[in-house]
Amino acid sequence: MPFSGAWGSASTIARMLASNVVSAELEAAGKLEGLGKKQAKQFVNDGVNSRAQELAEAIADHVRESGRFATVEAVNGYINISYDALSVARRLLHEVLRQDDTYGHAPEATHPGRIMIEHSQLNTHKAAHVGHLRNVCLGVAVTNIARAAGYTIMPTTYIGDIGRHVIQCLWCYREFHQGEEPHRKGSRGRWLGDIYAESSARLTFRKSVLAFLDRVIQENIVFVEAIDRMLKKLWADHNESEDIAYLLGCVSNQKAIDPAVFVDDTVMVKFWPIIGEQLTQERDAPPPEPDDTAGTVTPEGEDQPETMSPEERVEEWARLNATMADWWPQSATWEQEIKDTFQLWEQKDPEFVALWEKTREWSMIELREIFDEFGATFDEWFCESGVEDAGRKIVRDLLEEGIAEISEGLPVVKIDEKLGLETETYRTMPILRSDGTTLYSTKDLALTRMKFVDYGVDTAVWVVDVRQSLYFDQISKILEISGFAQAANTIHLGYEFVALPTGTISSRKGNAPMLEDVRGLMLDRAARVIEQKNPQMDRAAREKVAWQVGIGAIKYTMLARDSNKVIVFDPEEALSFDGHAAPYIQYAHARACRILEHAGWDTAAANAAVETIDLPEPAPEELSLLQTISDFPAVVQRAGAEYRPLYLTNYVYDLSKTFNDFYHACPVLRSDEPVKTARLTLVAATRVTLRNGLALLGINAPEEM
RNA sequence: GCGCCUGUAGCUCAGGGGAUAGAGCGUUGGGUUGCGGACUCAAAGGCCGUAGGUUCGAAUCCUACCAGGCGUACCA
């Protein structure tokens, strides 16, 4: 246990002893007899403080006599032992500088077993968003750290190259963009992402229209009355009066509209301009507030559901209006078309498979770019398309073994039943769709079995959104039931989602900040700041540093929060270059580099000097910096064992702060020998430790910025 | 219903059973012709969700409750 003001550690032994001694004495003296447990404790407690101090003093005297420590003091019942700073400092600095890039790393295979970490499960045919970014950052950091801590790590990824999103994208491509090429800007992978987004917009179009109408009808009485009148206009030139009557009924009774009831489906297209007219009118000439406040008192402080402003209503109406005439009539059959497209894949239609292969590669190029940029490397790339067949086989096996059964027309495993659990715990997992197409679970069962059988993995880690925790428990239990002991060693490293300040992320709704956008935003901002702070830096260096700082800031933001906490990704805050963030740490590193540069020191010079350093009277700031540097390997061990990069983000921040304290209090270049050399080696060791710490987080340490 | 997660300064969060619970942001007021001010010092600000329990000692471990979020058979 550390204590402030000196380099050493504190022992709580005197306190523990004191409580034993005091209670034994009191008992012997018979003072505890007849007292309640509570009172007895109170008695003991009263005696402990003073007694601990007495004991601490006695022990301290004894330890002091051994002469092995610089100082031994008894304070508040704790024994504070501080080391002989000079000899320990020499040893530490020597080790740090000698080990250089590997300081803090444990020897390979320090811990037994082979651990496979699967992360960064990106999708082809679809744009990645900030949630994926958290995954990549976490996966990379956990891999680096666990490896440095001496575990045998196999990083892998699992690409979603088939599944509903791919089918949707390709359906949209074939129907509406066949033969097109991307516009000037952007890669083909990104363009496919746009097509996927379009397919989602198309498929949810009816729902969006109805939800919007429903909302406006519920929220706005004036609107309802006006529409009621205006519908009569429509009556005149529409020949299906039943539809008009139906719409009229829905609106005036504030009921949801069901398009299945329409005789003529295009009535919605005709109805839409009328709505727009009314909404525009309301926006431009707001009706007076209804004077019924006496009747409906809104309780203060209670959260009202957010109502849309007139501007927002017109905006949303216009967004839907842009495609209304084109999409509404067609959209009724699109769901069926998706199902048909699914069948093309299932039947391995050659033309369709060829298209899939071609477009898949477009996306893969982009994925490799993302992985390169964020420092993700993999021993193996798994793909969903590669485990579908193995998935069907495992389903057959499970059925044969009686582990799975057909229920409600599809194969499922009733896990609780198989485990003999009375209370519902793992529930029932479907493992294949009733139409024979594969589910995510089909493929994950097969893949996880492959990890055990073909890769000899002892521990399988999934870095996946925390909402899938029941799902992974189910996968794990099913494999355990079918005889895989390793299934007990599967770890779901879940993390919470990344949200915008205004609401939840959902790529389907198109309001998610895309990985690409966040990246661009951060790089621009970093470039601007560097230009402002360091205008004399040459262009090439500036671009490189802007990249290091921008990406570093993203990574630090993603890692400096516990996995089970939601990150509210406020671009403004993430872009802040002050305080508890990557640039502060990178800056400390750059300053350390600059000091060494001024002194003309390189690694060799530091190594040569460390043998003979002398620190006659170490300052508290020096001691605390030494102590922090010496903590590094233990931090790596803890972060590795628990898969928690957070310990390291905290550590590098702490080290930077300690270093800032040090150089603020202790001049390096301006001090006299031998202090100057001693301090320079301290700076050199700080630089090494900071660089190594950042490297484990996947963050670059620029030498100037 | 059941299960998982969260609750600490105005806000965002650290906190490995131990000393007076710490940072950043924000607020207020200071510092340096300096090894680059992307720095630094200080002040103000806390029934650590509530109530019990374990312990010499609990923000930390256990139980119950309250509040919020998420999950809960053919989404991924």
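Chain naming here is simple, since letters A, B, ... match the order of the sequence lines and numbering starts at 1 in each. Since this is a predicted model, take the numbers as computed values, not measurements.
- Phosphate proximity of B:G16 to A:R644: absent, as no side-chain N or O sits under 4.0 Å from OP1 or OP2.
- As judged by a 4.0 angstrom heavy-atom cut-off over every strand, A:V44 is placed among residues touching the sugar-phosphate backbone only.
- Looking at heavy-atom distances under 4.0 Å, A:D661 makes contact with sugar-phosphate atoms alone, never a base.
- Here A:A18 lies out of heavy-atom contact (under 4.0 Å) with every strand.
- Base contact: A:N80 has a heavy atom under 4.0 Å from a base atom.
- Proximity of A:N564 to the phosphate of B:U6: a side-chain N or O atom is located under 4.0 Å from OP1 or OP2.
- When distances are taken from the side chain of A:P430 to each of B:G18, B:U40, B:C74, the shortest belongs to B:C74.
- A:F497 carries A:R467 over the face of its six-membered ring, with the cationic atom under 6.0 Å from the centre and within 45° of the normal.
- Taking atom P on both nucleotides, B:U55 is separated from B:C65 by 24 Å, rounded to a whole Å.
- Between A:R561 and B:C13 there is a side-chain N or O to OP1 or OP2 distance below 4.0 Å.
- Proximity of A:K41 to the phosphate of B:U55: a side-chain N or O atom is located under 4.0 Å from OP1 or OP2.
- The side chain of A:Y440 sits closest to B:A76 out of B:A38, B:A76, B:U40.
- Rounded to a whole Å, the CD1 atom of A:I567 is 20 Å from the P atom of B:C11.
- Nucleotides B:G46 and B:G10 are separated by 6 Å at their P atoms, to the nearest Å.
- Counting heavy atoms from C-beta outward, A:V683 and A:F662 have side chains that approach closer than 4.5 Å.
- Side chain of A:E424, nearest nucleotide from B:A23, B:G18, B:G1: B:G1.
- Phosphate proximity of B:A14 to A:N650: absent, as no side-chain N or O sits under 4.0 Å from OP1 or OP2.
- Between A:H125 and A:Y196, the ring centre distance reaches or exceeds 6.0 Å.
- Distances shorter than 4.0 Å separate none of the side-chain N or O atoms of A:K443 from OP1 or OP2 on B:A76.
- For B:A73, its base sits under 3.5 Å from the side chain of A:S407 at one donor and acceptor pair at least.
- The residue A:L596 sits apart from the nucleic acid: no heavy atom pair falls under 4.0 Å.
- Spacing of P atoms, B:G18 relative to B:C13, comes out at 25 Å, to the nearest Å.
- If you check B:C39 for Watson-Crick or wobble pairing at under 3.5 angstrom, you find it paired to B:G31.
- In terms of phosphate contacts, A:R51 brings no side-chain nitrogen or oxygen within less than 4.0 Å of OP1 or OP2 of B:G57.
- Judged by distance alone, with hydrogens and angles left aside, A:R638 brings a side-chain donor or acceptor within reach of the base of B:G16, the pair sitting under 3.5 Å.
- Counting non-hydrogen atoms under 4.0 angstrom, A:V683 reaches nothing in the nucleic acid.
- Listed candidates were B:U40, B:C74, B:A38. Nearest to the side chain of A:P583 is B:A38.
- Nearest heavy atoms, A:A560 versus A:T649: CA-OG1, 3.6 Å.
- A:D562 comes within 4.0 angstrom of sugar-phosphate atoms only, judged by non-hydrogen atoms across all strands, and of no base.
- Dashed line: the shortest gap from a side-chain N or O of A:K126 to OP1 or OP2 of B:A76 is not under 4.0 Å.
- Along RNA chain B, the nucleotide nearest to A:A634 and the one nearest to A:V668 differ in position, and the one closer to the 5' end is contacted by A:A634.
- If you check every strand for non-hydrogen atoms under 4.0 Å, A:E408 touches a base.
- For A:S23 (side chain) and A:N20 (main-chain N/O), a donor-acceptor pair under 3.5 Å exists by modelled atom type.
- Positionally, the nearest nucleotide of RNA chain B for A:V412 lies more toward the 5' end than for the other of A:V412 and A:Y471.
- When heavy atoms are screened at a 4.0 angstrom cut-off, A:L439 is found touching the sugar-phosphate backbone but no base atom.
- The partner of B:A9 cannot be assigned: no Watson-Crick or G-U wobble pair with both contacts below 3.5 Å exists in any strand.
- Between A:T628 and the options A:V635, A:D654, A:T686, a side-chain contact (heavy atoms from CB on, under 4.5 Å) holds for only A:D654.
- With a cut-off of 3.5 Å on both Watson-Crick or G-U wobble distances, the partner of B:A73 is given as none.
- Within the 4.0 Å cut-off from OP1 or OP2 of B:C4, not a single side-chain nitrogen or oxygen of A:H492 is found.
- For the pair A:S441 (side chain) and A:P430 (backbone), a donor-acceptor distance under 3.5 Å is present.
- On the C1' atoms, B:A43 is 14 Å away from B:A9, given to the nearest whole Å.
- A donor and an acceptor atom never sit less than 3.5 Å apart when one is taken from the side chain of A:Q586 and the other from the base of B:A38.
- Side-chain atoms of A:R134 and A:E496, non-hydrogen and from C-beta on, do get closer than 4.5 Å to each other.
- Closest to the side chain of A:E384, out of B:U40, B:A76, B:A73, is B:A76.
- Residue contacts shown for A:R15 include a base, since a base heavy atom lies under 4.0 Å away.
- Nucleotides B:C70 and B:A21 place their P atoms 35 Å apart, quoted to the nearest Å.
- Considering only side-chain N and O atoms, A:Y584 lies under 4.0 angstrom from the phosphate OP1 or OP2 of B:U40.
- A gap of 39 Å separates the C1' atoms of B:G29 and B:G68, to the nearest Å.
- Pair check for B:A64 finds B:U50; Watson-Crick or G-U wobble, both atom distances under 3.5 Å.
- At a threshold of 4.0 angstrom between heavy atoms, the contacts of A:C593 with the nucleic acid are absent.
- We find that the ring of A:Y653 and the base of B:A23 do not stack by the test of centres under 5.5 angstrom and planes tilted less than 30°.
- Each of B:G71, B:C13, B:C56 was ranked by its minimum atom distance to the side chain of A:L470; first place goes to B:G71.
- The side chain of A:K565 contributes no N or O atom lying less than 4.0 Å from OP1 or OP2 of B:U6.
- Distance NE2 (A:H598) to P (B:G36): 4 Å, rounded to an integer number of Å.
- Not a single donor-acceptor pair under 3.5 Å links the side chain of A:R687 to the backbone N or O of A:A592.
- Applying the Watson-Crick and G-U wobble criteria (two distances, each under 3.5 Å), B:A19 pairs with nothing in any strand.
- If you look at A:H580 and A:Y556, their ring centroids are closer than 6.0 Å.
- When the C1' atom is compared between B:A19 and B:G15, the two are found 15 Å apart, to the nearest whole Å.
- A:E496 comes within contact range of no nucleotide atom at all, as no heavy-atom separation falls under 4.0 Å.
- Side-chain nitrogen and oxygen atoms of A:Y587 include at least one within less than 4.0 Å of the OP1 or OP2 phosphate oxygen of B:A38.
- At a threshold of 4.0 angstrom between heavy atoms, the contacts of A:S434 include nucleobase atoms, whether or not backbone atoms are also involved.
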